[in-house]
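Comments concern the structure below.
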Amino acid sequence: MLISRRKLFFVAAFAVSLAPLGPARAQAAAPAGSPAATIEAFYGSLLGEMKAAKGLSFDQRYRMLQPAIERAFDLGLMTRIAIGPQWVDLPAAQQQDLASAFARYTISTYASRFDGYSGERFVVEPAPVPNPNGVIVESRLIQSDGKPISLNYLMRRGAGGSWQIIDVYLSGTISELATRRSEFVAVLQRDGAQGLVRLLERRAAALRTG
């Protein structure tokens with residue numbers, strides 16, 4: 001299965017067992033608890049879902065991926081980053097609605113886009129690169145034709161002390177959240193927080209129905 005740039009962009013959007021389905025390693029396995037280990041675990045879950053996808057419904061793929069995505073991604077922080085400074089002005093109830101809708105949309109995106117397997121593999125660089133906002137873990141998706149695509153992850157320690165993804169960079173440099181923010185801000189200004197919630201829910205529903 002060759003994965004298009006559009007498909008990868010949504011995946012870089014923001015992913016259940018490691019066992020023999022784990023990703024190919026660039027060098028030695030990353031130390032347990034390290035940023036790279038978080039990405040390896042996520043990729044292991046994603047590959048497991050891809051290999052089983054043909055026999056699963058959308059809802060089954062969603063449930064299979066949900067715990068892995070919630071472990072690997074700080075979805076609440078990603079929601080706040082994507083919305084930007086307007087976040088602090090929103091009532092707590094609207095913040096919660098937005099975070100829940102963003103999480104459903106993110107998980108739905110993975111469940112929809114990764115719906116098959118034909119020999120893809122992932123390579124994760126074990127040594128993170130320091131960044132002013134955390135660290136960058138570099139990785140590559142090796143497509144079934146052998147062509148690599150860079151997928152890099154900005155990571156930060158979460159509230160529980162584990163490393164979590166807070167942004168994804170397609171082709172190594174294109175920030176998913178920066179791209180989303182321009183749209184989110186425009187929707188917030190035009191339709192308010194509930195308008196953005198409805199937009200995310202519509203998009204999640206469209207992914208579910210294919």
Side-chain angles (χ1 to χ4, degrees), residues 1-26 35-75 78-79 82 101-125 137-155 164-172 174-177 179-180 200-210:
M1 176 181 67
L2 294 181
I3 300 178
S4 67
R5 281 183 66 88
R6 179 176 181 273
K7 180 178 292 188
L8 277 165
F9 178 80
F10 282 108
V11 167
F14 272 149
V16 169
S17 163
L18 281 176
L21 298 176
R25 277 68 185 270
T38 295
I39 302 304
E40 288 182 346
F42 170 64
Y43 280 158
S45 298
L46 186 55
L47 280 171
E49 184 275 340
M50 290 166 67
K51 290 178 179 181
K54 291 301 183 184
L56 301 175
S57 67
F58 175 90
D59 288 342
Q60 289 171 321
R61 297 197 304 272
Y62 185 104
R63 289 193 296 270
M64 187 174 181
L65 289 174
Q66 182 176 4
I69 293 173
E70 291 178 344
R71 283 193 301 268
F73 291 78
D74 189 337
L75 294 170
M78 292 176 72
T79 308
F102 182 87
R104 287 192 295 272
Y105 174 55
T106 299
I107 300 166
S108 295
T109 297
Y110 279 90
S112 172
R113 302 299 176 184
F114 283 91
D115 56 357
Y117 177 77
S118 58
E120 295 83 5
R121 61 189 178 92
F122 296 96
V123 176
V124 180
E125 296 295 337
V137 173
E138 299 175 340
S139 76
R140 297 183 302 281
L141 166 62
I142 310 301
Q143 299 183 91
S144 55
D145 64 354
K147 293 181 180 178
I149 296 177
S150 295
L151 290 170
N152 296 339
Y153 298 87
L154 176 61
M155 305 188 70
Q164 290 184 295
I165 299 162
I166 63 171
D167 201 356
V168 187
Y169 297 93
L170 176 63
S171 301
I174 303 172
S175 164
E176 175 199 10
L177 292 187
T179 302
R180 286 184 172 179
L200 292 170
E201 289 179 340
R202 286 197 303 270
R203 289 185 176 176
L207 291 167
R208 185 180 186 278
T209 57

Handout entry: Tyr169 backbone acceptor or donor facing Ser175 side chain under 3.5 Å
Key = no
Practice task
Could you tell me whether Asp59 and Arg208 have a side-chain N and a carboxylate O separated by less than 4.0 Å?
Solution key: yes
Handout entry: Sequence-distant partners of Arg202, salt bridge (Lys or Arg N to Asp or Glu O under 4.0 Å), two or more places apart
Key = none
Handout entry: Separation of Glu120 CD from Ile149 CD1 (nearest 0.5 Å)
Key = 10.0 Å
Exercise for the section: Begin with the C-alpha distance, continue with both residues' side-chain angles, and end with the deciding distance and a verdict on side chain to side chain contact (heavy atoms under 4.5 Å, CB included) for Phe73 and Gln164. Expected result: CA-CA 5 Å; Phe73 291 78; Gln164 290 184 295; over 6 Å; no
Practice task
Could you list the residues that satisfy side chain to side chain contact (heavy atoms under 4.5 Å, CB included) with Glu138, not counting sequence neighbours?
Solution key: Glu125, Val129, Ile136, Asn152
Practice task
Return the orientation label for the Phe122 and Tyr43 ring planes: parallel under 30°, perpendicular over 60°, tilted otherwise.
Solution key: parallel
Practice task
Only counting residues at least two apart or in another chain, list the ones meeting side chain to side chain contact (heavy atoms under 4.5 Å, CB included) with Ala103.
Solution key: Leu75
Problem - Under the side-chain hydrogen bond (donor to acceptor under 3.5 Å, both in side chains) test, residues paired with Ser57 that sit two or more places apart - result: Gln60
Problem - Option among Leu154, Ile165, Val124, Val137 that satisfies the side chain to side chain contact (heavy atoms under 4.5 Å, CB included) test with Pro35 - result: Val137
Completion exercise
For Glu201, the salt bridge (Lys or Arg N to Asp or Glu O under 4.0 Å) test, sequence neighbours excluded, returns Arg104
Exercise for the section: Using the test side chain to side chain contact (heavy atoms under 4.5 Å, CB included), find all partners of Thr38 that sit at least two apart in sequence or belong to another chain. Expected result: Ala72, Met155, Trp163
Practice task
Describe, in one word, how the ring planes of Phe58 and Tyr62 are oriented to each other, choosing from parallel (under 30°), tilted (30 to 60°) and perpendicular (over 60°).
Solution key: tilted
